Each structure stands twice: as C-alpha cells, then as structure tokens.
There are 2 protein chains.
Amino acid sequence: MGRKPTGRPTSFDIAYAAGVSQPTVSRALRGDRSVSEQTRQKIQQIARDLNYTVDKNASSLRSQRSNTIALLFFEDPTPDESMINPFFLAMLGSITRACADRGLDLLISFQRMEDDWHVKYQDSHRADGLILLGYGDYTTYTPKLEKLVAQGTHFARWGSVSLDSSGATVGTDNVDAGRKVGEHLVGIGKRDIAFLGEADETCPEFLGRYTGLCKVVEDAGLPAPPRFDAITTEEAGYAAAKALLSSGGTCDAIFAASDLIAIGAMRAIAEAGKRVPNDIAVVGFDDIPAASLTTPPLTTVTQDVKGAGETLVEALLAQIDEREVKPRKLPGELVIRGSTTQN
Amino acid sequence: MGRKPTGRPTSFDIAYAAGVSQPTVSRALRGDRSVSEQTRQKIQQIARDLNYTVDKNASSLRSQRSNTIALLFFEDPTPDESMINPFFLAMLGSITRACADRGLDLLISFQRMEDDWHVKYQDSHRADGLILLGYGDYTTYTPKLEKLVAQGTHFARWGSVSLDSSGATVGTDNVDAGRKVGEHLVGIGKRDIAFLGEADETCPEFLGRYTGLCKVVEDAGLPAPPRFDAITTEEAGYAAAKALLSSGGTCDAIFAASDLIAIGAMRAIAEAGKRVPNDIAVVGFDDIPAASLTTPPLTTVTQDVKGAGETLVEALLAQIDEREVKPRKLPGELVIRGSTTQN
DNA sequence: CTGAAAGCGCTTACAG
DNA sequence: CTGAAAGCGCTTACAG
C-alpha cells in the first residue's frame, strides 16, 4: 500500500484503502449515524490498522471547535514565586480527570493578575473556553471578569458564588461551612473565637466563612469574633496570630480562613507558649495534605474537590453550548482532628 | 471598515486595512526580517488595534508545528486514586513556567501505566513533543519508552539518568545525593542505617540513592544497610518501618527514599515508642512542603526543581530540532532539619 | 447512504 | 521587499 511514502496517514489514505470517499471516512470515524454500519466498521478497522488519528489542527480549524479547555491559575505575584496553594493543585487533578472523561484536552497556564487572560487562548482558538482558578485580590479580578463577559468568552470560575450571578460560577458554600465551624467551636465550649483572614470585598470567600461564623456566635450570645487580616500564606497566618496574641486580647479559639494560615498561626501559638487545643483551639480550611501532619493534626473543612472539577467542566460545556448555567454551591465538610479535641 | 460582519479578524482583514497582501501580514507578524521595518510596524499596529491574534489551528496545520508540549504524568493506579506525589506537582509548576518563557503552550494529562501514551498527542498533532513525569514500576515503563523511540516520537523524561542513554533524560544525581545523606548520618555518629524504598530495577532512582548510601557506609567500615521495600506512599513507609522495627533488628538511622515514605516511617517510630532523632534519625528525599511541618521537621534532599523544568524543556526542544541531546544530571542538596539533629 | 466541491486561516515555496 | 498561488487535513453544506 503505502500511498504516502512518508509521514502519518490522512483520511485520504483510509478512504483509498477502504474504497470510499474521504468525507465518508470523516463521517464514519466520528460515528455519524448516516454511514452504514458495515462501512463504518470497515473504515474503523482500517483506521486502527494504519494507526490513523484525526489531525486535531485540521479538524479544529474546519469545525471551529477545539474540544480543548484552558485552565488558568491566577494569583497575586508572590515574593518567592513558588508556592501554589495545594488546594488548587488538588483541583487541577480533579479538573484533569473530568476533562479526560469527556474527551477534552486541557491546556494549562499560570497567570499573573496583571496579564491579559482573554487574549491568549480563546482568541487564538486554542480552547473553546476557560476555567479560572485562583486567589488574590478580588477587586482587581472583577474588572477582568467583566471584560471576558463583554468579549463573549466562555468561562467558568471557582470562587464565591453569592456576589456574582454571572453564570458559570462554582464554589463551596462558605457561609454554611463557616457556620459548621462555629457550631463545632461553640459546641466544645469555646467562647472567645478570633478569625484570621482577609474578610472583606477583596476576598468574598473568606468573607463568607467569617459571616457564617459570626451568625453562630451571635446566636449563642457571645461577643463578635475579631478579625485579623491575612492572605493565604503561612507567613501571613503567623503574623496575624502574632498580632492577635500580642494585642493583649484573649481568645480560646482561632478560625483561620485557610490551612496555610492556620499552620502559620499554630507556629505563633507555640512560640507564645500556649497549647493547642486546650488554650487555643485552631480550625483551618481546605484540608490540604499537610493538615493531617501538623502537631496536633488540624481540624479543617474539606471542600468537594472532585465534585468541583466535574461541576466546573460541566458548567463550562453548558455555557459553550449556550445552555442555561446556574451558579452552583457545593457543601463543605468539617473534619475534626486534634487541634480542637484532645484525645 | 468591518470587512467581516461577525467573528474575529483574520490576516486578510489586517492586510486589507494595511493595504498589503495577506502573506505579508503573516510575515510581518512573525517578525520576518524580509518585511520592511515600516510595513512591519504598520501591520503590527493594526493587528493590535483590531485585537488580532493568529489562529493557532490554521498556523499549526500549515506549518506542521504546534509550539505545544504535552506533559504526561503517569503513575501506577493507586487504590485511592488521589494523591499525586507533591514533588511532581512542583515540577509541573516549573515546567509550566519554562514553557511560558518560551512561548510554548502546555497540554497536560494524567496517564495510567496501561494507557497508550504515544497515540494521544503526538499522533493527533496537538503537541510537538512529550515530557514524561512519573513514578511507578520501571520495568513496565521501559517497553513503552522503546515504543516511543521506535515511533520517532520526541520526548524528554525525568528519571534515572544512568541506566538509560537514550537521549533526553534529566534527573537528579541520585547516587551522589545518597552519598551526601550517608555522609551526614555517619558524620553525626550513626552506625546502623536502614534504607526504606524499593531499590531494585523497578525503581532505578531509589536504587541510585541506596547505592550512594552503601558506598559511604562501606567506606566507613560499617555493616551494609538493610533494605525494606516501600513504594512512594505514606502507608508503604509506615508498613516498611513497622517491618523494620519488629524484625528485632536494631537501627539508629533510617534513610527513606522519599519524604512520603519518611513521614509514614516517623509515624511507625512514634508508635514504637522511639524518639526521632535520638533513638532513630530519619532522612527523606524530595523536600515536599510537608517535610518542614513534621515533628521534628524532616531532614531531606532538595532536588533542583526549577533547573529540572528548564532542562527538560530545553532537552525536548533540542530533540525536536534534531540537535544533539545528552542526558543531564542535576545535583541534589541536603537540607538538615530536626529529624537528624537535636537543638 | 454516499460523493464532489468548497473552504476553515494560515505558511511556504516560487516569482519578480 | 512583496504578491499570486497552492495546500496543510479535515468538516460541512449540497446533491443525488
């Protein structure tokens, strides 16, 4: 045979071998129902024998659809430019799997907040849509989102669901999760709970967690939880706890807006000569792998990472197909460990 | 203006606006030196104004080059199917950055050992080459590699450099790193060192680390380090240490082939009522984020993750361009923490 | 159920 | 330095 002396076979080679036209090969290989069962079988067999695969570039160019999704991590530039939040890494895994299950390819890219996200993938037709994952200042983030919407770019994002009704947003029910944490802490007899994390408009997710905590505390007739700002790093958690402990105020529990913050806080607590959980109970958020390795192990909130990946991909696909997309809240689950209960 | 009523502009639109031919636009935008400076400037300005980007599918189809690399993680299927080794996640970050610096897109995919890697990307022309990252049984891995070579697929891999002279392999100098660990342990007076990890042909990297350790121990006239098999998981490390401690044998130091193994081992040591580092010193490998969080913090070996990403991408690019590629060894750095020294 | 024709948006010889 | 022509390998109306 060997119609083409070099390179990989094309649909014309398959067509020649099967004695049909090239468009029929294209149809058969995509499982088009209009091709007769017999012809389809034959063509698929030959394609297999010749080790043929459809050229994605040609197919995407013609059909104007790439079956590819681009995953953009964005983050504030960090001084050490290293640490990605482990939680997002877990998300990456679940999104990868969700894409693979649907035959989608996944492009990935780390973006700085300053960058022009939209241009890169959608405009160059590499991807049918974008999934946005990240943390960082929400106030600089929002205008970019609006630009994406204005451009008609398809995207789904992970984040705070409440503040944003613009379609494909998926996130943990942070208020509910904050409530669960509050109930647990109040339930074990804590009365004086502090919150560590930037709970304002720059970070609506943290704000939700704080809000949930406040509700429970208020209902129990306890003093409102003081807040100490911290971004999602161990260093920030350490500094915030330092500030809390040296402010002269007392507290018998800390709810940190993330595990990274909680881990930093535990270091500060140890340095201050206090004990976890007896003097101060500590709760984190995310359930990163390191959370079970601290001393004592960290009580935290597990987010539904697997469900998140599935839901994000589904939401994006729905948007691409112009189906209706509603924001989705996923439940967070409290995981109780030694940092809030002695054993 | 508005030549096309709908959709994004093409190079024809730019050509029309600039009063030149379409091929000239193509040349100007790629910075072809043959286009006059003036024309080039003008075209680039117009392209910017019209928010034009080159259609990657068309350009890849025509040029038969995609400027895209596919990163394949492969792993033995794990029961919980969750945990990716944190070390490879760090590698992902550095490879992403190295690709971005060179204007390459990055496709990512997790593969099971059983899968047919080669077909997926190279054959469908999505990627110019593959980077292979992973762990798992090397003996099932090698035949796949050979198949890739036979197919003329371009790839670079992270792994054991010594056993494999086939081009684009990059890895830590495991023997040297093992030696550093051995010297440290012998230097602090340990005499009876055990190795935890599958140090045979199924995992040449672990074997290298063991070999380095053995050399030092032998030179010091100490008994050869016993080996206890463990794959790279916490559970396996726990089980291996259990086996070691209950074998009735004594040991005053453990070199674990990975941090995950070391963390599991420390748990087993604590359960056996022994203290780290006084009764048993522990050293890991990889310096994952969790390594500094254990009690005591884990002495380990840092691999040059940043250099690894750069080197892998460079090696792959060289291979694609048919330039000569030599295997590259990167140094590992010992990081001494509390698990081998009291303070 | 199948085929002939057109065309997706580029890049690349080939001319001049 | 620039243009006219061809063609990368598919998918999609359109006919029959």
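Naming convention: chains lettered A, B, ... in sequence-line order (proteins, then strands); numbering from 1 in each chain. Quick caveat, the model's predicted, so the values are computed rather than measured. The figures here come from the full heavy-atom set of this structure, side chains too, leaving out hydrogens, waters and symmetry mates.
Heavy atoms only, all atoms of each residue included: B:Ser160 and B:Thr169 are closest at O-CG2, 3.8 Å. Counting all heavy atoms, side chain and backbone alike, A:Ile108 lies closest to B:Ile108 at CG2-CG2, 3.1 Å.
For A:Thr24, a side-chain nitrogen or oxygen approaches OP1 or OP2 of C:dG3 to under 4.0 Å. At the phosphate of C:dC10, OP1 or OP2 sits under 4.0 Å from a side-chain N or O atom of B:Ser11. Close to C:dG9, at under 4.0 Å from its OP1 or OP2, lies no side-chain N or O of B:Tyr52. In terms of phosphate contacts, B:Ser63 brings no side-chain nitrogen or oxygen within less than 4.0 Å of OP1 or OP2 of C:dT11. Contact annotation: B:Thr39 reaches the phosphate of D:dT2 (side-chain N/O to OP1 or OP2, under 4.0 Å). Using a 4.0 Å cut-off, some side-chain N or O of A:Gln64 falls inside it from OP1 or OP2 of C:dG9.
The residue A:Ser34 sits close to a base: some heavy atom pair falls under 4.0 Å. Contact annotation for A:Gln22: base contact, defined as any heavy-atom pair under 4.0 Å involving a base atom. No contact: A:Ser60 has no heavy atom under 4.0 Å from any strand.
Heavy-atom distances to DNA chain C give each of A:Val35 and B:Asn57 a nearest nucleotide, and the one nearer the 5′ end belongs to A:Val35. Residue whose closest nucleotide on DNA chain D sits further toward the 5' end, between B:Gly19 and A:Ser26: B:Gly19.
With D:dG3, D:dT2, D:dC10 as the candidates, the nucleotide lying closest to the side chain of B:Arg27 is D:dG3. When the nucleotides C:dG9, D:dG3, C:dA4 are ranked by their closest atom to the side chain of A:Leu61, C:dG9 comes out on top. Counting only heavy atoms from C-beta on, B:Arg62 has its side chain closest to D:dG7 among D:dG7, D:dA13, D:dT12. When each of C:dT11, D:dT2, C:dT2 is scored by its nearest atom to the side-chain atoms of B:Ser59, the top-ranked nucleotide is C:dT11. Of the candidates C:dG9, C:dT11, D:dG3, C:dT11 carries the atom nearest the B:Arg30 side chain, counting heavy atoms from C-beta on. Closest to the B:Ala58 side chain, of the nucleotides C:dT2, D:dT11, C:dG9, is C:dG9.
Pairing for D:dA4 is absent, with no Watson-Crick or G-U wobble pair whose two atom distances lie under 3.5 Å.
Between the CD1 atom of B:Ile43 and the P atom of C:dT11 there is a distance of 12 Å, given to the nearest Å. B:Phe12 has its CZ atom 12 Å from the P atom of D:dG3, to the nearest Å. In this structure, A:Asp13 places its CG atom 9 Å from P of D:dC10, rounding to the nearest Å. Remark: C1' of C:dT12 and CG of B:Leu29 are 16 Å apart, rounded to the nearest angstrom. Protein atom NZ of A:Lys56 is 20 Å distant from nucleotide atom C1' of C:dC10, rounded to whole Å. Between the C1' atom of C:dT2 and the OH atom of A:Tyr16 lies a distance of 20 Å, rounded to the nearest Å. Here the P atom of nucleotide C:dC1 and the CD atom of A:Glu37 are 10 Å apart, to the nearest Å. Atom CG of A:Asn67 and atom P of D:dC10 are 15 Å apart (whole Å).
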Handout entry: side-chain hydrogen bond (donor to acceptor under 3.5 Å, both in side chains) between B:Gln41 and B:Gln45, worked out
Key = CA-CA 6 Å; B:Gln41 294 290 351; B:Gln45 183 56 52; over 6 Å; no
Exercise for the section: With side-chain contact (heavy atoms from CB on, under 4.5 Å) as the test, would you mind laying out the steps for A:Lys42 and A:Val20 before giving the verdict? Expected result: CA-CA 10 Å; A:Lys42 185 174 171 192; A:Val20 297; 6.0 Å; no
Practice task
Please test A:Arg323 against A:Asp321 for salt bridge (Lys or Arg N to Asp or Glu O under 4.0 Å), starting from the C-alpha separation and ending with a verdict.
Solution key: CA-CA 5 Å; A:Arg323 304 197 309 267; A:Asp321 296 340; 3.1 Å; yes
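Looking at A:Asp55 and A:Arg62, no side-chain N of the basic residue comes within less than 4.0 Å of a carboxylate O on the acidic one, giving no salt bridge.
In terms of polar N and O atoms assigned as donor or acceptor, the side chain of A:Arg8 never comes within less than 3.5 Å of the base of D:dG9 in a complementary pairing.
One finds the CZ atom of B:Arg33 at 5.0 Å from the CZ atom of B:Arg40 (value rounded to the nearest 0.5 Å).
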